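Below: the structure, in structure tokens.
Quick caveat, the model's predicted, so the values are computed rather than measured. Residues: numbered from 1 along the sequence shown.
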Amino acid sequence: MMEVVPENAPEHCPGTQSEDAGKASACAGCPNQTICASGQIKEPDPDIAKIAECLSHVKHKILVFSGKGGVGKSTVTANLGFSLSSNPEQEVGILDIDICGPSMPRIMGVMNEQVHSSGYGWSPIYVEDNLSIMSPGFLLSSPKDAVIWRGAKKNGLIKQFLRDVDWGELDYLLIDTPPGTSDEHLSIVNFLSKAGIDGAVIVTTPQEVALLDVRKEINFCKKLNLPIIGIIENMSKLVCPKCQHTSIIFPPTAKGVAGMAREMQVPYLGDIPLDPLVGKCGDNGKSLPHTFPTSPSAIAYKNITEKVQKFCLNNVAPTSEDTIN
């Protein structure tokens with residue numbers, strides 16, 4: 001079981017599930033020492049079983065991570081969702097848990113929608129007949145409102161989204177997470193511990209400053225025994241919308257994303273060019289794969305989506321031979 005560390009715990013907290021909880025030298029003076037030592041906090045969270053029951057009709061659950069902000073993680077999540085839903089026989093959902101920066105409603109073109117509840121729970125917003133979304137952005141009175149919450153309140157909303165949203169029958173649920181490795185990431189992995197997670201897709205840009213954080217993200221997944229479906233290199237090169245000429249905007253200073261993936265023994269799913277059409281679709285809430293299906297970016301998303309599906313359906317990670325161009 002994952003060790004949960006309270007946000008007000010000392011630096012070397014052994015975790016609430018540890019045998020040393022409340023007894024280790026690091027526990028001296030901690031405000032949680034008494035309750036940790038009593039063993040009460042080790043009781044299993046009953047909501048974890050409820051979440052597993054609620055998501056029992058969701059076949060595949062995929063987390064989308066990024067080590068650093070601004071690498072296009074939410075845009076990648078949205079277009080993976082659009083690509084998956086291009087098959088009318090597949091039901092796809094997107095859960096946005098980037099609580100302080102919920103951009104998914106804008107990217108998906110449903111920014112002014114409101115969430116409704118029924119006897120079965122919250123109803124997600126439908127972008128298409130087979131593509132639905134739930135986001136904290138739907139709960140704000142204005143898109144300009146700032147979410148100023150501590151970890152406990154964020155985790156409570158994530159749990160509520162997992163437990164109380166009536167997704168129905170889904171083939172794929174994509175979960176868009178905040179950048180980094182913080183409370184929200186620990187919570188989502190813990191909350192889904194009985195529901196099951198197929199794996200994580202990690203999004204990065206080619207610069208070494210971004211890859212530094214991706215290495216931390218990879219190690220985070222390995223420590224939690226979370227399968228890594230693969231790494232996506234986003235904004236790898238610029239494609240001119242007129243002449244289709246390709247220019248390298250972020251030249252790799254070392255081995256690049258593909259080299260880092262080989263070095264850390266994780267699959268490389270491919271690269272997505274820096275395409276003005278991607279930004280245009282995101283700002284206008286349009287599907288890139290549907291609006292510009294022959295664009296280099298749409299083709300890249302199609303290829304990556306096929307590899308993600310292959311992993312989920314066969315639990316087979318792409319090999320270096322069929323992922324690295």
Side-chain angles (χ1 to χ4, degrees), residues 1-9 11 13-18 45 47-48 51-52 55 58 60-78 80 93-104 134-137 147-163 165 172-205 210-232 234 264 266-267 269 308:
M1 180 178 292
M2 184 182 67
E3 300 296 350
V4 179
V5 178
E7 62 180 58
N8 59 344
E11 182 179 358
C13 171
T16 59
Q17 304 298 321
S18 170
D45 185 347
D47 283 327
I48 292 179
I51 289 169
L55 298 180
V58 179
H60 304 290
K61 307 164 195 73
I62 301 169
L63 302 178
V64 184
F65 287 161
S66 72
K68 186 174 291 298
V71 299
K73 168 186 53 60
S74 294
T75 300
V76 168
T77 304
L80 285 177
I94 295 178
L95 175 59
D96 181 7
I97 62 167
D98 192 351
I99 294 172
C100 292
S103 55
M104 198 60 70
M134 176 58 75
S135 168
V147 179
I148 308 173
W149 290 357
R150 292 188 182 275
K153 194 169 182 180
K154 291 180 183 178
N155 294 340
L157 181 61
I158 293 170
K159 181 185 285 187
Q160 193 170 5
F161 276 163
L162 293 171
R163 185 192 61 207
V165 174
Y172 294 92
L173 178 64
L174 304 175
I175 302 175
D176 185 43
T177 68
T181 54
S182 56
D183 279 357
E184 292 94 325
H185 303 81
L186 288 169
S187 295
I188 192 70
V189 174
N190 186 42
F191 293 155
L192 292 174
S193 57
K194 287 191 176 180
I197 306 171
D198 286 72
V201 170
I202 302 174
V203 182
T204 185
T205 47
L211 297 185
L212 286 172
D213 288 338
V214 170
R215 292 182 178 92
K216 298 173 187 174
E217 198 81 53
I218 292 170
N219 287 327
F220 170 86
C221 292
K222 290 181 177 180
K223 286 181 179 179
L224 295 183
N225 294 317
L226 179 63
I228 298 175
I229 297 174
I231 298 177
I232 295 173
N234 194 29
M264 300 198 71
V266 296
L269 294 176
V308 171

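- Atom NZ of Lys222 has more than 12 neighbouring heavy atoms from other residues, nucleotides or ligands inside a 6.0 Å radius.
- Taking CD1 from Ile231 and OG from Ser66, the interatomic distance works out to 12.0 Å, rounded to the nearest 0.5 Å.
- Distance CD1/Ile188 to CG/Asp183: 13.0 Å, rounded to 0.5 Å.
- Under the 3.5 Å distance criterion, the side-chain polar atoms of Asn234 are matched with a main-chain donor or acceptor of Val71.
- Each of Leu63, Val266, Val201 was compared with Ile228 under the side-chain contact (heavy atoms from CB on, under 4.5 Å) criterion, and only Val266 meets it.
- With a 4.5 Å cut-off on side-chain heavy atoms, Phe65 and Asp176 do not count as touching.
- For the pair Lys73 (side chain) and Pro179 (backbone), a donor-acceptor distance under 3.5 Å is absent.
- Using a 4.5 Å cut-off on side-chain heavy atoms (C-beta onward), Asp96 and Phe161 make no contact.
- Within the model, atoms CG of Leu95 and CG of Leu173 stand 6.0 Å from one another, a figure rounded to the nearest 0.5 Å.
- Between atom CD1 of residue Ile218 and atom OG1 of residue Thr181 there is a gap of 12.5 Å, rounded to the nearest 0.5 Å.
- For the pair Ser193 (side chain) and Asn190 (backbone), a donor-acceptor distance under 3.5 Å is present.
- Side-chain atoms of Ile229 and Pro267, non-hydrogen and from C-beta on, never get closer than 4.5 Å to each other.
- Between Lys159 and Ile51 the shortest side-chain heavy-atom distance falls below 4.5 Å.
- Annotation: the span from Ile99 atom CD1 to Lys154 atom NZ amounts to 6.5 Å, rounded to 0.5 Å.
- Atom NZ of Lys68 and atom CD of Glu217 lie 11.5 Å apart (nearest 0.5 Å).
- Between the Thr177 side chain and the Val64 main chain, a donor and an acceptor come within less than 3.5 Å of each other.
- In this structure, the side chain of His60 does not engage the main chain of Asp198 through any donor-acceptor pair within 3.5 Å.
- Side-chain atoms of Ile94 and Thr77, non-hydrogen and from C-beta on, do get closer than 4.5 Å to each other.
- A donor-acceptor pair is defined here as one N or O able to donate and one able to accept, closer than 3.5 Å; such a pair exists between the side chain of Lys61 and the backbone of Ala195.
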